[in-house]
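Read the structure below first, then the notes.
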Amino acid sequence: MTMKHIVLAGLAALMLAGPAASDDFERAAIVMPGSISDNGWNQAGFEGLTQAGEALGFETAFSESVHQPEQIEVLSDYARRGYDLVIGHGGEFQDAVERVAARFPETKFMVNNGLGTKENVANADFYFSQIAYLMGYIAGSMTQSDMIGIIAAQKFKFTTDTVAGYEAGAKAANPDVSVLVTWTGDWDDIAKGKEAALNQISQGADVVWPTMDSATLGSMQAVQEKGVYGIGIYRDAINEWPEILQSAILDVRGNMHSYLERAAAGELDGVLYRADMSNELAMRIGSFHPDIPVEVVDEVAKLIDAMKSGALVVEPQ
Amino acid sequence: MNSVTMQCRVAAALLMALTVGGFLILFDGHNPFEAYKVLFFDSFLNYWGFSNTLVKASPMLLAGLAVIIPMRAGVFNIGGEGQIYIGGLFGTVFALAVPDLPAVLGVPLIFLAAAIGGTFWAAIPAYLKAYRGTNEVIVTLLMNFVAIHIVSYAVAGPLLAEGAPYPYSDEVAEAYRLPIVMPRSDAHAGFVFGLAMALILYFWLRFTPSGFQLDLVGRNARAAAYAGVDEKKTIIRAMLIGGSLAGMAGAIEVIGLKYRLFHLFSDGYGYDGIVVAFLAALNPIVAPLTALFLAGLSAGAGTMQRAIGVDSSVIEVVEGLVVVFVAAALVAPRNSSKSILKNLLIGGLFGHPKHNKKKEA
Amino acid sequence: MFDPVLLSDVLAGTARLGTPIAFAALGGVIAERSGLYNIGLEGQILAGALGAAAGSFATGSALIGLGCGVICGLISGLFLGYMSIRLRINQLVGGIALNLLLAGLTAFLSRQIFGAQAGGARVEGFTQLHIPLLSDIPVLGPSLFSQDPLFYLLIGIAVLAWCWLMKSHKGLDLRAVGENPKAADLAGVPVLRMQYLAISVSGALAALAGVHLVLSQVYVFAEGMSAGKGFIALAAIILGRWSPIGAVCAALFFGFCDAAQFKLQFSSPEVPYQLFLILPYIASLIALVILGAKASAPASVGLPYDREHR
């Protein structure tokens, strides 16, 4: 948790502290598949809720390491205890949330990275391929071996969109580039993450993008040990790893803050709240590595503008 | 030792475990009494809490039975987890392939498909054990991992539901879903099915010749051989039965709770079954009780976290402590007569050594 | 496929991924040879990992971290011994319970010690040790002779353990305890004492696996970082036929499959990645069937020795 994040969250709170929390909105809970200290997706969700709660003035609760069989039980429990908003943190909760939401029409539900909205079920996600495109573009521009890599845990929409965007962006920058894709099957096994990265590097990749949770740490260690470049996710990783070219800051906290604000004002509808490059609070790029030439930086800025204006539409959406 | 003394010992053990755990809860900054009140009352005396307990107890019971039967024959089925996965897979594939049958026909067929899946998965270690003496523990353990990945592939690939944000299959037809036994909750008839199985197995073991043979092979393979019992066939039969039970546990999770096949849909139920089996002293009739107990502990742990805010890591420790203390209490004191049961409890691991000796005979 | 760089990589990966499993398997062998099952390897790996991380974090010295990790392992081994020997709890249940306990305890303590930055607190570890001359050999040099010190320690301990177990007087005593405690007792071997020692050492060895993970591989403690290695070690023990060297070889074999799996993913991107993930297990199963690992465990393993009922 860097100073930058605290400041950003505080600023966001100040800037967007428009309508005060509605009297009806008192408690919100988040249900997460992993551990709150995973340095990745789950930690972001946990912090997103607790920080928003403090800023906007409502009580929060969380459940971590909730696996498939327990989802319905946990979600129902919060709804029964009278929580105003119950968040399922991850697409794997979609099904369970829909089931529970049907039973508790008075409670609002949210699925982060979900895919399906109802009257009282909203979704929030990111335009993954869009920002992945930018990362791919940078990687493709910077590679000297014409080989880059991306490491992901499991194959589903979030990850496959990211991979597709990354490949598209890389090819746009450098038609000769090859993109190595490794699926580790695991979000948290640090040793596996390291092994996967070492493998890609020994195949010739000189830019590696790990997209897991705790396991990312292992990959970045490999990047550092072998002296190649990396790409960050969720946070401006160059603060931790000087080898980072750029980061895809999927600011889960920021995204959550936006919709929690609406929820607090009683304005959360059963729709998809997608964060894309036009919503800088939720999705933005980080700091450029000093090695990146000015032309590339400029080109990226142009791409971002094109994305914002709608001139450049990245698939898949 | 009589059962009253046993109950006292178990109660004392529980108390000790909770006391030790209580200190940890205190250290975490919460009131242990509050926490434990939630743990027990919510799991067993609260309508919703009990329904959650029942949900968890269903697969645990069947998984426990899946360990008990092979164990009584002297074979250690640690592969319940894999059998659950493959059973769930087979059951789902059938349910999705043939969606239009009436419930009366469809549900039993789904269970059958799942049983076949679990049996198939248990058959490999069973035959390897019987005919080549290959240690069944390692085979079943390895096959657990394989099973999880097979299902992972299936639900992310051929079975993936249209537009799913996570690897899962389509929903099974409404007709196939198990009836709910506690209105407005998720508690389905799976536990009832498990109870029925427990009763059937109890009677089978105690009153039928084939059941008796199973026990004999487990206790004294040499005597069984002299009595003309085919040890190989008995072992295989025991493992296959175990596999089918675990497979059906998988089906229950799919048509009882989630109504779809998910990636990682069993959260270690196969391994919970081992604890259920041993706490029940390998007696099928007692298994429903120990399954309820373990399930209540697990469900209550979650409630403790949600209601009071106790850190989930502390809860894991408390669960471990309870298992340790209660298991210790169940061990008969030194000067009681060497019961056959005691030998089964402490001897029947990783293939009873007596079996190994017999190979050389 | 026989490209020297590739081979060197895979060998290096084998050493890296196989070492933790090998340490745990060694621990398991020592315990089982004394007649006790150690199913709690998984938890003991975590205990060693946390001890190593905490020790190194507090003092900045990797060696002290190693010492702390080993001590945590010894204690957890002793505890398992107490449960199995004194309380005569079913050894399987005891092991499972120990895993639960340690998983929770290490997570809890790590949150207390490292706070919210648990997943990111870097600690001082061991760096690679290049053996002079040998590390210049092509292929084998960079992979096998430029490893971290714990890898060399593993090889050393494995050889020592084998010599001790198979050739020394005390080793014979231990094996006797595992095969026939009654006879050993009558021959004057202190059965219970040997079992306590064995299980404690077992815990310490398993903890070294955790120490390796933290101080030689990833330099942090992460909850649940043992990731099933303790269970794979059980398979390695059996595959290695309860011999210290056999178990280590089997563990390294698992490491090899794991390392090769990533390479294979690249060469066949259309094949579902789950297939590659199961390759190590399938390979082991096949090896098992071919080598015919019969249940040749020590004859009295799992049975608590009861002096009064001789």
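Just so it is clear: chains get the letters A, B, ... in the order the sequence lines come, proteins before strands, and each one is counted from 1. All of these numbers come straight from a predicted model, not from anything done at the bench.
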(message) What part of A/Phe62 gets within 4.5 angstrom of chain B, counting heavy atoms only: side chain, backbone, both, or neither?
(response) both
Check chain B against chain A and list any donor-acceptor pairs under 3.5 Å.
| unit_1 | atom_1 | unit_2 | atom_2 | d |
| --- | --- | --- | --- | --- |
| B/Lys56 | NZ | A/Glu70 | OE2 | 3.3 |
| B/Lys56 | NZ | A/Glu73 | OE1 | 3.2 |
| B/Asp186 | OD1 | A/Arg103 | NH1 | 3.3 |
| B/Asp186 | OD1 | A/Arg103 | NH2 | 2.3 |
| B/Asp186 | OD2 | A/Arg103 | NH1 | 3.3 |
| B/Leu257 | O | A/Arg99 | NH1 | 3.1 |
| B/Leu257 | O | A/Arg99 | NH2 | 2.4 |
| B/Lys258 | NZ | A/Gln68 | O | 3.1 |
| B/Lys258 | NZ | A/Gln68 | OE1 | 3.1 |
| B/Lys258 | NZ | A/Gln71 | OE1 | 3.2 |
| B/Arg260 | NE | A/Asp95 | OD1 | 2.6 |
| B/Arg260 | NH2 | A/Asp95 | OD1 | 2.9 |
| B/His263 | NE2 | A/Gln154 | NE2 | 3.4 |
| B/Asp267 | OD1 | A/His67 | ND1 | 3.1 |
| B/Asp267 | OD2 | A/His67 | ND1 | 2.7 |
| B/Gln305 | NE2 | A/Phe62 | O | 3.2 |
| B/Arg306 | NE | A/Asp77 | OD2 | 2.6 |
| B/Arg306 | NH2 | A/Asp77 | OD2 | 3.2 |
| B/Ser312 | OG | A/Glu64 | OE2 | 3.0 |

(request) Output the option from B/Ala156, B/Gly309, B/Pro167 having the highest count of non-hydrogen pairs under 4.5 Å with chain A. (result) B/Pro167
(request) Among the options A/Gly91, A/Gly90, A/Ala29, pick out the one with the most heavy-atom pairs lying under 4.5 Å from chain B. (result) A/Gly91
(request) Select one option (side chain, backbone, both, neither) describing which atoms of B/Ala161 are under 4.5 Å from chain A's heavy atoms. (result) neither
